[in-house]
Amino acid sequence: MSADLANDIRITLPDGSVRTTTRGSTGAQIAASIGAGLAKAALAVKLDGELKDLDLPILSDAKVQIITRKDPEALELIRHDCAHLLAQAVQELYPGTQVTIGPVIEDGFYYDFARNEPFRPEDLTVIEAKMRELVARDLPTKRTVWDRDKAAKHFLDLGEVYKAEIIRDLPKDEEVRVYYHGDWHDLCRGPHLMSTGKIGTAFKLTKLAGAYWRGDAKNAQLQRIYGTAWRDDKELGVYLHRVEEAEKRDHRKLGREMDLFHIQEEAVGQVFWHPNGWTLYRTLENYVRRKITKGDYREVKTPQLMDRKLWEESGHWENYRPNMFIAEVDEGEHKEKRMLAVKPMNCPGHVQIFKQGLKSYRDLPLRLAEFGSCHRYEPSGALHGIMRVRGFVQDDAHIFCTEEQIIPETERFVKLLSDVYRDLGFDTFSVKLATRPTPRAGREEDWDRAESTLELACHRIGIPFTINAGEGTFYGPKLEFVLRDAIGRDWQCGTIQIDYVLPERLDAEYVAEDGTRKRPVMLHRAILGSLERFTGVLIEHFAGKFPLWLAPVQAVVATIVSDADGYADEAVAALRAAGIRAEADTRNEKINYKVREHSLAKVPYLLVAGRREAEQRTLAVRRLGSEAQENLALTEVISMLTREAAPPDLRV
RNA sequence: GCUGUUGUAGCGUAGUGGUAGCGCAACGCCUUGGUAAGGCGUAGGUCGUGGGUUCAAUUCCCACCAACAGCACCA
């Protein structure tokens, strides 16, 4: 026991053991007292759950964990240090470049710089080499605490106006810390590794991009350099391999290879669906159509072009005019030109249908669904394959209901949506509640009610959700449904939105039980979102290897000898008669060639017909992804494929 | 929309101030071959579009269009 209790502190290690040590001991010293190996491996220390510098004096009792390269926290530390390293390298190579911020992101880090001259892709190699040189020099880290005004002036004098702005905006009670890595220094909250050598070499600069200061398009645009960093080369290799694999599933690449669709300059942002792609699309659409029909939706179709007046009433003209396609029609010399808008949404049209004839509370909830073709003038930079386009179709529906019906309708919808997602090969999804944005339409009390209703609905259904603050639509809050695909990427697809605004603006009403006229509430909802985008998601999720019911070409009957051609044609006809999308390949090619080609085209079943098969009326069945073959009678093949090709909602 | 990069045959690419090659695919002929590329041959390009510089532009310059990456946007 130490003689001086006032100078001792008690630290608790992760294994639960408690040690007494001198007040002011550092994580490094504690690590050394545990063992030389740990001291060497130590990167940082976690005090009561917070990451700190290894040389920070510990002043009071605390739970202490020494962080080494093996801990998951190491990644964050390494990446943060990499960001600094990048900034240091850039400032050494390109004096006069201002530093701004450099956070850790998923898989890596970035740093935003202000520099008049643009960085070139070739510069990345040079910068990365400089970074490696700084690591090799093993520059020691030093933490200093500055007076706020002095720090602000210091950075301003250096011409670092962004850093000065950051200091000015730091919370008043926060220490202004400046870290030195050798001679170079940067304003930073920390913590940092004790020297540049600890970063290791498993990093790589990946891309170059423009990015707005503080994420606001009104501000100056900075130059961002992205990098990835890992604990060791093996992890880096795994990451790079993962990126490659993601590239292989790119729907734009597969769309071309599998002859699904194309896009060309004369119709930017719109899809030319090829027969194969359109088969996939229709299979998906028909499936959803069956699901919503069973779910008591009524399908409708509304006009593509509607008068400006309607869009003014709905509020879209005011909120989205620049993003709408406009058509002007000259109706004759004496009349004014009439202005129509190509519909960017289906809701105003559905309200028009609702308003035909007087509706009773008995008609509610009324669920009007439409595979609504919409056009939006998306900014050029937003376009991406078939995932983000200017012409698309939503699996849209609007539920006209009473206030009391919102929660049951939401429950009903979530049930339907989870069925669909499961059928399509996605086992789980997450939910986000997007709350009121600015600017917005409608009364505050309606927003209060709408938000809490959605929250309540989630509790009732028993689904966890996170809040997406300020991300609601201009007319109401929404639930967003996010899918996770086969390689862990998230896709926001489904949505349900409460809307009190549009029924009022477009004057929708119904007769209540007491004979008075009331406003219905409108629920906007979609399961897939855009069919174009969802098809893209499916392509990437399955990497083009669709389950049989979705595959555009389900089977190819390939012949070995031309004597089997007649039988192959017969087999294809029989398969088609049974509803299988089959094709014959009777080309003058060897079977090896055909196997390779159809395997690359991702055809699920290859049915080989040689002389033997033709005589015995069988087929050699080879399933995509397997080298095994099985000889089955044609009739057996047909019944097997028919069973497997049934859409999930029609399986017995 | 902003920043950067790119644009050569259906796809993937090489190349140059003196009007373009290669591979795959396509087409034709030979080959009838038993489960991931058989052989030979043929055809296909106003080098994204429009201007400019030049004796000469696909190459150099400018503008526009489009694609790609990121940012911003996504009713």
Side-chain angles (χ1 to χ4, degrees), chain A residues 110 112 118-124 206-226 250 252-253 256-257 259 262-269 311 314-324 343-348 374 376-385 387-390 392 394 396 437 440-441 471-476 478 492 495 497 499 501-502 524 529-530 533 558-565 586 588-601 606-613 620-622 624 626-629 631:
Chain A
Y110 68 78
D112 285 348
F119 287 113
R120 306 267 144 203
E122 314 81 85
D123 296 339
L124 294 189
T206 50
K207 56 199 165 197
L208 209 48
Y212 299 105
W213 169 236
R214 299 200 151 158
D216 190 333
K218 290 195 280 291
N219 291 340
Q221 193 162 35
L222 308 168
Q223 298 187 63
R224 177 171 297 178
I225 298 177
Y226 282 92
D250 191 315
R252 293 166 299 187
K253 183 173 143 70
R256 193 167 46 235
E257 288 173 1
D259 196 17
H262 85 272
I263 292 175
Q264 67 186 50
E265 287 199 21
E266 289 78 4
V268 172
W311 302 108
S314 71
H316 290 97
W317 196 266
E318 185 190 340
N319 288 289
Y320 293 103
R321 170 67 232 276
N323 302 312
M324 289 163 74
K343 69 174 171 181
M345 296 192 80
N346 307 300
C347 23
C374 297
R376 298 177 182 175
Y377 190 82
E378 301 285 0
S380 57
L383 301 175
H384 179 84
M387 298 274 205
R388 189 80 185 274
V389 284
R390 289 184 177 153
F392 57 96
Q394 290 178 315
D396 202 6
R440 57 180 169 269
E471 296 294 318
T473 71
F474 77 91
Y475 50 73
K478 61 180 173 184
Q492 197 219 300
T495 181
Q497 313 170 353
D499 183 359
V501 177
L502 213 55
H524 307 238
S530 137
R533 187 171 115 100
T559 50
I560 297 172
V561 292
S562 47
D563 289 351
D565 288 359
T586 54
N588 177 15
E589 294 292 350
K590 289 196 173 168
I591 193 62
N592 281 316
Y593 183 90
K594 294 184 184 180
V595 166
R596 177 182 155 81
E597 195 165 74
H598 296 115
S599 298
L600 290 174
L606 191 60
L607 308 173
V608 177
R611 194 167 280 123
R612 221 160 44 230
E613 285 77 9
V621 179
R622 180 183 170 134
L624 178 63
S626 158
E627 281 172 36
Q629 318 164 26
N631 242 273

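By convention in this document, chain letters (A, B, ...) are assigned in the order of the sequence lines, proteins followed by strands, and residues within each chain are numbered from 1.
The residue A:Glu613 sits close to a base: some heavy atom pair falls under 4.0 Å. Within the nucleic acid shown, A:Ala558 has no heavy atom closer than 4.0 Å to any nucleic acid atom.
At most 12 non-hydrogen atoms from other residues, nucleotides or ligands lie less than 6.0 angstrom from CD of A:Glu627.
Here the CG-NE2 distance, from A:Asp396 to A:His524, works out to 8.5 Å after rounding to the nearest 0.5 Å. A:Phe474 CZ to A:Asp499 CG: the interatomic distance, rounded to the nearest 0.5 Å, is 8.0 Å. Interatomic distance, A:Leu124 CG to A:Leu208 CG, rounded to the nearest 0.5 Å: 5.0 Å.
In the model, A:Arg224 has a side-chain atom that pairs as donor or acceptor with a side-chain atom of A:Tyr226 under 3.5 Å. Using modelled atom types, one finds a donor on one side chain and an acceptor on the other under 3.5 Å when comparing A:Gln497 with A:Thr495. No side-chain donor-acceptor contact under 3.5 Å links A:Glu318 and A:His316.
If A:Asp563 and A:Gln223 are placed on RNA chain B by their nearest nucleotide, the residue sitting closer to the 5' end is A:Gln223. Each of A:Val561 and A:Val608 has a nearest nucleotide on RNA chain B; the 5'-most of these lies closest to A:Val561.
If you take CD1 of A:Ile560 and C1' of B:A36, they are 14 Å apart, rounded to a whole angstrom. Rounded to an integer number of Å, the gap from CG of A:Asp250 to P of B:A67 is 14 Å. To the nearest angstrom, C1' of B:G33 lies 13 Å from CZ of A:Arg612. A:Glu257 has its CD atom 17 Å from the P atom of B:C24, to the nearest Å. For A:Asp112 and B:U3, the CG to P distance is 16 Å, given to the nearest whole Å. Distance, A:Met387 CE to B:A69 P: 11 Å, rounded to whole Å. Summarising the geometry, the separation between CD on A:Glu266 and P on B:A67 is reported as 11 Å, rounded to the nearest angstrom. Rounded to whole angstrom, the span from the CG atom of A:Asn219 across to the C1' atom of B:G1 amounts to 15 Å.
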Do any N or O atoms of the protein come closer than 3.5 Å to N or O atoms of nucleotides 38-44 of chain B, and which pairs are they?
none

Distances for protein N/O vs nucleotides 61-65 of chain B N/O pairs under 3.5 angstrom?
residue : atom : partner  : partner atom : Å
B:C65   : O2'  : A:Glu265 : OE1          : 3.2

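For the pair A:Arg252 and A:Met387, the minimum side-chain heavy-atom distance is 4.5 Å or more.
Under the salt bridge (charged side-chain N to carboxylate O under 4.0 Å, His left out) criterion, A:Arg622 pairs with no residue, sequence neighbours left out. Residues that satisfy the side-chain contact (heavy atoms from CB on, under 4.5 Å) test with A:Asn323, not counting sequence neighbours, are A:Tyr320.
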Next item on the list: Please assess A:Val608 against A:Glu613 for the test side chain to side chain contact (heavy atoms under 4.5 Å, CB included), listing each intermediate value before the final yes or no.
Entry: CA-CA 8 Å; A:Val608 177; A:Glu613 285 77 9; 5.7 Å; no
Next item on the list: Would you sort out whether A:Ser380 and A:Arg390 count as a side chain to side chain contact (heavy atoms under 4.5 Å, CB included), showing the intermediate values?
Entry: CA-CA 10 Å; A:Ser380 57; A:Arg390 289 184 177 153; 4.0 Å; yes
Check: Dot-bracket for RNA chain B: what is it, with Watson-Crick or G-U pairs under 3.5 Å, [ ] where a pair crosses earlier ones, and | for a pair to another strand?
Finding: (((((((..((((....[..)))).(((((.......))))).....(((((..]....))))))))))))....
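Regarding contacts with the backbone of B:G1, a side-chain N or O of A:Ser380 is found under 4.0 angstrom from either OP1 or OP2. Applying the 4.0 Å criterion to OP1 and OP2 of B:A25, one finds that A:Arg256 has every side-chain N and O outside that range.
Looking at A:Arg622, its side chain comes within 3.5 Å of the base of B:A36 through a donor and an acceptor atom.
Tested against A:Arg611, the residues A:Thr559, A:Ile560, A:Val561 include a single side-chain contact (heavy atoms from CB on, under 4.5 Å) partner, A:Val561.
The same atom, P, is picked in B:G7 and in B:C60; the two are 10 Å apart, to the nearest Å. Atom name C1', nucleotides B:U58 and B:G18: the rounded distance is 12 Å, in whole Å. Straight-line distance between the C1' atoms of B:U59 and B:G15: roughly 10 Å, to the nearest whole Å. Taking atom C1' in both B:A20 and B:U46, one finds a spacing of 13 Å when rounded to whole Å. Atom name P, nucleotides B:A26 and B:A37: the rounded distance is 16 Å, in whole Å. For the C1' atoms, the distance from B:U53 to B:G70 is 36 Å, rounded to whole Å. One C1' atom belongs to B:G1, the other to B:G45, and the distance between them is 35 Å to the nearest Å. Nucleotides B:G38 and B:G17, compared at atom P, are 40 Å apart to the nearest Å.
Not one N or O on the side chain of A:Asp123 forms a donor-acceptor pair closer than 3.5 Å with the backbone of A:Phe119.
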Next item on the list: At under 4.0 Å between heavy atoms, which parts of nucleotides 70-75 of chain B does protein reach? Answer with one letter per nucleotide, 5' to 3': B base, S sugar-phosphate only, - none.
Entry: BBBBBB
